[in-house]
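What follows is one structure encoded as structure tokens, with my remarks underneath.
Each chain gets a letter, A, B and so on, in the order the sequences are listed, and its residues count up from 1.
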2 protein chains.
Amino acid sequence: MSKSMTIRDVAKAAGVSPATVSRTFVHPEKVDSVTRNKILALAKELNYRPNAAARSLITGLTGNIGIVVPDLTNPFFPTIVRSVQRKAEQLGYSALLVDTGEDVKHEPELTENLARQVDGLVLCSPRMSDEKLVDISSRYPLVMINREVPEVPAVTIDNRSGIAQEVAHLKALGHHRIGYVAGPQTSYSCLIRQQAATELLADAGLEEVSIGRFEPTFDGGRSAAQQVLLSSVSAVMVYNDVMALGLINQLAQFGVKVPEDLTVVGYDDIEFSSMSSPALSTVHVPRNDSGILAMNYLDALLRQGVNGPELPPRLPTEFIFRETSRRLGSPLVAQ
Amino acid sequence: MSKSMTIRDVAKAAGVSPATVSRTFVHPEKVDSVTRNKILALAKELNYRPNAAARSLITGLTGNIGIVVPDLTNPFFPTIVRSVQRKAEQLGYSALLVDTGEDVKHEPELTENLARQVDGLVLCSPRMSDEKLVDISSRYPLVMINREVPEVPAVTIDNRSGIAQEVAHLKALGHHRIGYVAGPQTSYSCLIRQQAATELLADAGLEEVSIGRFEPTFDGGRSAAQQVLLSSVSAVMVYNDVMALGLINQLAQFGVKVPEDLTVVGYDDIEFSSMSSPALSTVHVPRNDSGILAMNYLDALLRQGVNGPELPPRLPTEFIFRETSRRLGSPLVAQ
DNA sequence: CTGTTAGCGCATTCAA
DNA sequence: TTGAATGCGCTAACAG
């Protein structure tokens, strides 16, 4: 118990060679079932644990995967990280985490450093350039979540469908002049969502007012309030929930009530969106699923060697009608 | 570039022995500055990277630390995880993360599995028993955050002082009959806070009404609303912010306004507490600092070998007076 | 200050 | 089906 058991201790105890012990763990089918069971029993009796470093030195594998997120304090990410980590654990990996702090400049370096310590990477909403991602992906097994780059495997969200549902919702409520409050350019999904909004609003015969870019944070949303107020819209679609919550908060301080005076819809369906009051109308993004799918893909990629496994199609989103959207011009309910 | 460089490649290129190359990385001071610089230059020219597994096989060290959290989607934890991870990175470690999912039963096992893969552990608000923690701590280098167990190193929060400030605040606002909404028994800080509340309210000559236990979640807070309403208190102290936010949300649905009809104070000062409306009066807990201090301690522990380094005293907390607390019986401001 | 020697624990040849 | 031999890449003794 004092010193850790090695494969030779088990071999000695079982009266076999170290090689046989090794085989029973790596290729159990290549060992006679009698000797195998004997070794297995002895192994756990002696509390033997294979030394990961020694194994890694030979196989070149670590048994670890890396998760990279831009900002763990952004409520969008913890759910993803958690689901990746759990699935990784189920599959026999441990998960290393790196938070880049939205530092686009250092993101490639941090990612690459991590890459050398793990068998594969899960990159959550990476901010770096397409070129960098293609480059890193060509050298390390990797899967992205919430980003699309040609030739780089990814679990993606059907942003366009989510925006379409928002547009349909707002149109059904009688809104015509609609604002889109944009997030930062560094965010891929922001670009996609805004582009979809522009197209789909036009298709629906609605008028779009582009507002922003702002930081994708609560304060970013607050700082959008003035422009929103000056834009003469009856409804705004906001890049994400955190910003939408910030916007609503600042609007309240200006005496503008949501949804009475303005309809606001978010995107992501973070946990707090259903908790705030008024509860935020938003688009649900299956973040938990995305993590599981990404990790499953990575595992398949690692096992097969080539990039054979199928990737799921863009994950469906669903509009959630809560309390921050209402029919345009409908009378206030008596208090 | 195709195959990874080894220490021998560098040695050959520099015309020295492998041992000298090794030394320049591990004990730079034991190598002549001229040869050292030559080796260093060659090393990066050849893009040499020490093989962690080989190094680990000899030293018994991995260069990794492990972080264990009960629930990453609980907004209390991401800030801590992030600060630990960043400090770890600064100190030359990589961070492995495990989310136990508030599964008390499996927590020891998950922790122990992680322990074998890392040089040391940071346990955030561990839920397992004192005995288990003492046991694991006796076998692996470890530091806890937000838990106190004799003989186990920890970065702790001055919960009592936070509660004292809340009590003083409520007393100053004229409240007399005060509720304490408790969280789960599995949470150490809940026990401490409630105990402090009982004592300090009594000391202040105030009347305490104990309410709960509830889950330390938003829904847990909501489910406390009925009992709070029936308790005839003018103010409640809630175990944590998430619960306080849930309570306020449910109270609103019952037509009870905060702070007009009831004063509510939380604990933790999670990010959303300043973002909600009304903004939550609460006790700020220095979570970011706690992570940094814990990681610094762990590093010192790992370096010195013994458990010599000093631990900081309980970290100070600070009451934040926001919008959910008000003077008892003061007239409403005209709307 | 530097080189030589040895081996960390394991998985994989190759024979038997 | 099993055993003996080899080496993954590196660091730590020890000499020199």
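Listed by chain and number, the residues in a side-chain contact (heavy atoms from CB on, under 4.5 Å) with A:Thr79 are A:Glu271, A:Arg287, A:Asn288, B:Thr73 (sequence neighbours excluded). With sequence neighbours excluded, no residue satisfies ring-ring contact (aromatic ring centres under 6.0 Å, His included) with A:Tyr188.
With the nearest nucleotide of DNA chain D identified for both B:Tyr48 and A:Thr35, A:Thr35 has the one nearer the 5' end. Summary of the strand contacts: A:Pro50 and B:Ser17 both lie near DNA chain C, and taking for each the nucleotide with the nearest heavy atom, the more 5' one is attributed to B:Ser17.
For the side-chain hydrogen bond (donor to acceptor under 3.5 Å, both in side chains) with B:Tyr93, the lone residue among B:Thr62, B:Asp119, B:Asn64, B:Asp299 that qualifies is B:Asp299.
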Would you tabulate the pairs of protein nitrogen or oxygen atoms and nucleotide nitrogen or oxygen atoms of nucleotides 14-16 of chain C closer than 3.5 angstrom?
none

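As a whole-Å value, the separation of B:Asp9 CG from D:dC8 P is 11 Å. Atom NZ of B:Lys30 and atom P of C:dT2 are 12 Å apart (whole Å). Distance, B:Ile39 CD1 to C:dC1 P: 13 Å, rounded to whole Å. Spacing between atom CZ of B:Phe25 and atom C1' of D:dC10 amounts to 12 Å, rounded to whole angstrom units. Note: NZ (A:Lys12) to P (D:dT2) measures 19 Å, nearest angstrom.
Of all non-hydrogen atoms in B:Leu46 and B:Met5, the two that sit nearest each other are O-CG, 3.2 Å. Taking all atoms of both residues into account, the shortest heavy-atom contact from A:Leu91 to A:Asn296 is CD1-OD1, 3.8 Å. Taking both residues in full, the closest heavy atoms of B:Leu298 and B:Gly120 are given as CD2-C, 3.8 Å, listed atom of the first, atom of the second, then distance. Residues A:Glu89 and B:Leu110 share a closest heavy-atom pair of OE2-CD2, 3.1 Å.
In the set C:dC10, D:dC10, D:dA12, the nucleotide with an atom closest to the side chain of B:Thr6 is D:dC10. Listed nucleotides: C:dG3, D:dG9, C:dA11. Nearest to the side chain of A:Ile7: C:dA11. Candidate nucleotides C:dC10, D:dT11, D:dA4 were compared by shortest atom distance to the side chain of A:Ala19, and D:dA4 ranks first. If you check C:dA11, D:dT11, D:dG9 against the side chain of B:Asn51, the one that comes closest is D:dG9. Looking at the side chain of B:Arg8, the nearest of the listed nucleotides D:dC10, D:dT2, C:dG3 is D:dC10.
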### Task
Decide salt bridge (Lys or Arg N to Asp or Glu O under 4.0 Å) for A:Asp32 and A:Arg23; before the verdict, give the C-alpha distance in whole Å, the side-chain angles of both, and the deciding distance to 0.1 Å.
CA-CA 10 Å; A:Asp32 185 271; A:Arg23 280 193 204 93; over 6 Å; no
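Between B:His27 and C:dC1 there is no side-chain polar atom (N or O) within less than 4.0 angstrom of OP1 or OP2.
Counting heavy atoms of neighbouring residues, nucleotides and ligands inside a 6.0 Å radius, atom CZ of A:Arg314 does not exceed 12 of them. Around atom CZ of B:Arg8, no more than 12 heavy atoms belonging to other residues, nucleotides or ligands sit under 6.0 Å away.
A:Ser22 contributes no side-chain N or O that, together with a main-chain N or O of A:Pro18, makes up a donor-acceptor pair within less than 3.5 Å.
Here B:Arg49 lies in heavy-atom contact (under 4.0 Å) with sugar-phosphate atoms only. Here A:Val21 lies out of heavy-atom contact (under 4.0 Å) with every strand.
Near DNA chain C, defined here as any heavy-atom distance below 4.0 Å, the residues from residues 55-66 of chain B are B:Leu57, B:Ile58, listed numerically.
Across the helix from C:dC1-D:dG16 to C:dA16-D:dT1, the helix axis at one end is tilted relative to the axis at the other end by 30° (nearest 10 degrees, each axis from five pairs).
Counting only residues at least two apart or in different chains, ring pair (Phe, Tyr, Trp, His ring centres under 6.0 Å) contacts with residues 124-151 of chain B are absent.
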